[in-house]
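Supplied in C-alpha cells, the structure appears directly below.
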Protein chains: 2
Amino acid sequence: MDLNERKLKILQAIIHSYIKKAQPVGSRTIAKKYNLGVSSATIRNEMSDLEELGYLVQPHTSAGRIPSDKAYRLYVDSLMELKSISSLERKKIKKGLSKEIREIEQLIQNSAKILSKLTNYTSLAIAPQFKKSRLKHIQLVPIDERKVLVVIVTDTGIAKNTIFMMDNDITHDHLNKITNYLNAKLKGHPIEYIGSSLEYELIQEMYSLKNTINQVVPLIYQAVDELEEVDLYANGVTNIFNFPEYNDVSKAKAFLSFIEDKNLVVDMLMKSGLQDIEIKIGKENCYEEVKNCSLITATYSLNGKTIGKIGVIGPTRMDYSKVISIVKTISLNLNDILNQYYNRGGR
Amino acid sequence: MDLNERKLKILQAIIHSYIKKAQPVGSRTIAKKYNLGVSSATIRNEMSDLEELGYLVQPHTSAGRIPSDKAYRLYVDSLMELKSISSLERKKIKKGLSKEIREIEQLIQNSAKILSKLTNYTSLAIAPQFKKSRLKHIQLVPIDERKVLVVIVTDTGIAKNTIFMMDNDITHDHLNKITNYLNAKLKGHPIEYIGSSLEYELIQEMYSLKNTINQVVPLIYQAVDELEEVDLYANGVTNIFNFPEYNDVSKAKAFLSFIEDKNLVVDMLMKSGLQDIEIKIGKENCYEEVKNCSLITATYSLNGKTIGKIGVIGPTRMDYSKVISIVKTISLNLNDILNQYYNRGGR
DNA sequence: TATTAGCACTCTATGCTATCGAGTGCTAAC
DNA sequence: GTTAGCACTCGATAGCATAGAGTGCTAATA
C-alpha cells in the first residue's frame, strides 16, 4: 500500500514534532499546529493506518505515537528538506578548520570538536589510517651509541616515530646507507608492504652491512606493526545527557560504555560504507548497544583515496536535517583543506 | 577533645561498613557486626559525640550516619591498615606492564588501563611532559623539495615530529649543517629553552645559510610550541555507574563532563603535590565538580625527576586501603621499568 | 464515500494518605 | 559509665482516587 500525500504530510508532521519535543505525538497536536485542513479524527484514522504500515509506534494505548526507524528512513530518504546551514555556522566551521592545518591528526580532531559543538551530539572521527597509506620517506637517526630513531612519513602526511635500542653499537654511516636504500626501494609502496622479504634483499644488496641490517630491519617491521593502531577521536560524549531518552542511568551507561570501547566504535565506523554521507538509523546499526541511535558519517580523502571517517551519533530522534547538512559542510571543507594544503606540496 | 580508643573503633567500623554498603550506618549494625562489647545505646551516644566533632553526618534525623571528609582523612592518615596486594593482582600488574615497554606513552597508558581494571574506579594519567624535558636530539629531515620533517627527541624518551612546508627549496646539505649545529648547541638543555635567541646566534655562526635559517628556525619554535600540549589518559570512566552515589543522572553527568574536559583534569592533577602518594578527599579537591570525590595520585619519574602522574578518582566512599596499595604498587613498578629500561641506555 | 463530532474507554502521571520500619535521643534503672 | 526501654522522627513504599491526554468507534454529515 502506497502512502498518499496526506499520510506523508501527517507522518512528516509527527516526525517533526517528535524530533523537537521527544514526546509521543497525538492527533490533536497535529491538527492544531500543522494546518493540514482536516480534523483530529481524520488524522487519527490516518495515524492508525500508518501504525499498521509500521511507520508509527504506540508506547501504550492511550498515548500518542512515535516514529519508527522505518519512518525515519523514509523521512531521511524523501521527506526531509535539507536545512541550509546558517552563515554563522559556516563561519565557525571555516574559522575552526583554518586554525590547525599543519598536523593532519590535529585537523581531524579539530573537525570532530567543531562537529560536536555545532550539532550538540557526540562526534566521532577516525584519524587517517597509517597502514593504508604509502611510504613517502623513511629515516633512521642515531640518537646515541645504542639508540636509533625510526621515522616513517606517509603520503597522507602522517609522520610516526619510534625509538629502538640496539644490541651493538651502530655507525652513523651504516644507518645512512640503509636509510638511502630503504627510501629508494620502498618509496611509494603501501606501508603494509614493508615486511615481506626486505631483510633478505637488503643483505643481498649490501652484504658488508649484514650485522646492522639484521638488527635494524626487524625493528622496522615492529615499528610498522605497532603504529598500525587506529586513532579515534570522540567529542561531546556527555552530550547524550541532554536527551531525555538517556535520563535513565542504565541507558546512559550502555551508550557511554559502548563509546568508551574504542575497538567497538572503530569497527562500527569501519563498517559504514564509503559513500559521501552514510546514514544508519536505529536497528540498521550492527551493534546492539546503539540500536536506538542513528549514525551519520562522511568520509574524507586525499588524492581521491578515502583515508578516514568523521561523523555524529545520537538518538534516532535526531535532527537529521541539521546534522546532515553540518556533516556535509564539514567534510567538504575538510576535504578541500586536505587536498589544497597537503596535496600540492603544502603543509 | 581527643578521640578515645572506643570512638576510633566505632568510627572505623562505620567507615568500613559505609565503604562496603554505601548505606548510612546505624548503631545496631555496629553493635551486632563489629564485636565492640558494648550495646547499641552506648554506640549511639558515641556516634552522637562523633557527629558533634564533625566526623559523622546524618542525612536526616531517623537515618544512620555517614562518615564526613574529616573522618576519611583520619581514616587514611591513621586508622586504615594498608591491604597488602594479592599475588594475582601483583601478577597482573607485572604482566600488563611488561607488555609494552618501547614507547613510554604506551607504557603510561597501559598503566592507567591496569589501574582502572584492578581498582574498578576511573584512572587518570598524564603523559611525560614534553616541555619539561631536556633535548637529547633534534633532526631536520628533507621529505621532498619543499617539506621538512622536524624530529625532537627528549631525555625522557619521547620523540615528537612535525612536518613543515618551506617557501623555497632547501638543500639536504644545509639542513644537515643546521641539524649538527642545533644538536651541538641545544643538547641537554630544557626544551623550553629553545626559542630565545637561537635564530640570531645561528645566523652569526653560519651566515651563508642565512636564508635557510630564517625559514627553518621559526618553524622549530612553532613545533615546540605545538607539541607542548599535555596528553591525558582516562580509563574506566564509565565505572562511576557502578556506584550508587551516581545513580542520579545529573550527578553522573557532572562527573563525566568534568572528566571529559581535559584541561580541567590536567590542571587538577598538576595541582596535587609531588609526594609519592597524594590523597585528596572530597572538599580537599579544588574543583567543585569533584568535591564529593577522592583523588589518589602517584608520581613517576625518570632520572630522579618527576615527569608525570598517575592516579585514581572515585567517590569519597572509596576503598582507600585497596586503591592506595594498588596505586603504590603500580607506580613502583612503573618507576622501576622506566629507570631500568629507559635510563641505562635502554629502550 | 470521505470526513468529522462526540463519547466511552484506556492508561499514565500525579498527589494524597496510611503504614512500616530503621534509627535516633532521652530517661531511668543497673 | 552502661544499658534497656520507649517515644518520636522521617523516608520509603504501597494503595487509592483523580486528572488528563489520547485513542477507537459510531453515528451523523457533506
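So that the names make sense, note that chain A is the first sequence line, chain B the second, and so on, each numbered from 1.
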- Residues from residues 32-44 of chain B lying under 4.0 Å of DNA chain D - heavy atoms: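 Hits under 4.0 Å, by residue number: Gly37(B), Val38(B), Ser39(B), Ala41(B), Thr42(B), Arg44(B).
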- Item | Members of residues 58-68 of chain A that approach DNA chain C, where some heavy atom sits under 4.0 Å away |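 Output list: His60(A), Thr61(A), Ser62(A).
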- Evaluate the side-chain contact (heavy atoms from CB on, under 4.5 Å) criterion for residues Phe241(B) and Leu256(A): first the C-alpha distance (whole Å), next the side-chain angles of each, then the deciding distance (0.1 Å), finally the verdict. CA-CA 10 Å; Phe241(B) 286 116; Leu256(A) 291 170; 3.6 Å; yes
- Item | Nearest-neighbour nucleotide for the Thr29(B) side chain, dG24(D), dT23(D), dG23(C) considered |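 It is dG23(C).
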- Item | Residues Asp69(B), Glu284(B); criterion side-chain contact (heavy atoms from CB on, under 4.5 Å); working and verdict | CA-CA 8 Å; Asp69(B) 290 355; Glu284(B) 294 169 16; 5.7 Å; no
- Item | Of all pairs that satisfy salt bridge (charged side-chain N to carboxylate O under 4.0 Å, His left out), the ones with a partner from residues 261-272 of chain A, not counting sequence neighbours |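 Salt bridge (charged side-chain N to carboxylate O under 4.0 Å, His left out) check on residues 261-272 of chain A returns Glu229(A)-Lys262(A), Asp267(A)-Lys271(A).
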- Message: Using whole Å, what does the distance between atom P of nucleotide dA12(D) and atom CG of Asn247(B) come to?
- Response: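 Atom-to-atom, Asn247(B) to dA12(D), this comes out as 13 Å.
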- Query: Do Lys70(B)'s NZ or CZ and the ring of Tyr55(B) fall within the cation-pi criteria of under 6.0 Å and 45°?
  - Reply: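 That pair qualifies as a cation-pi contact.
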- Task: Please report the C-alpha distance between Met268(B) and Leu124(B) in whole Å, then the side-chain angles of each, then the deciding distance to 0.1 Å, and finally whether the side-chain contact (heavy atoms from CB on, under 4.5 Å) criterion is met.
- Result: CA-CA 11 Å; Met268(B) 174 180 72; Leu124(B) 302 170; 4.0 Å; yes
- Query: Counting only heavy atoms not in Lys291(B), do more than 12 fall under 6.0 Å of its NZ?
  - Reply: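 Atom NZ in Lys291(B) is packed in, count exceeds 12.
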- Checking side chain to side chain contact (heavy atoms under 4.5 Å, CB included) against Ile14(B), which of Ile19(B), Ile43(B), Ile30(B) comes through?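 Of the listed residues Ile19(B), Ile43(B), Ile30(B), the side chain to side chain contact (heavy atoms under 4.5 Å, CB included) partner of Ile14(B) is Ile30(B).
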- Rounded distance in Å - CZ (Arg28(A)) to P (dT23(D)):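 From Arg28(A) CZ to dT23(D) P: 11 Å.
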- Task: To the nearest Å, give me how far apart CG (Asn45(A)) and P (dA5(C)) are.
- Result: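 To the nearest whole Å, that distance equals 13 Å.
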- Task: Examine dT2(D): is either OP1 or OP2 under 4.0 Å from a nitrogen or oxygen in the side chain of Arg6(B)? Give yes or no.
- Result: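 Indeed, a polar side-chain atom of Arg6(B) lies that close.
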- Query: Where do Leu79(A) and Gln12(A) come nearest, in terms of heavy atoms and distance?
  - Reply: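 For Leu79(A) versus Gln12(A), the nearest heavy atoms are O-NE2, 3.2 Å.
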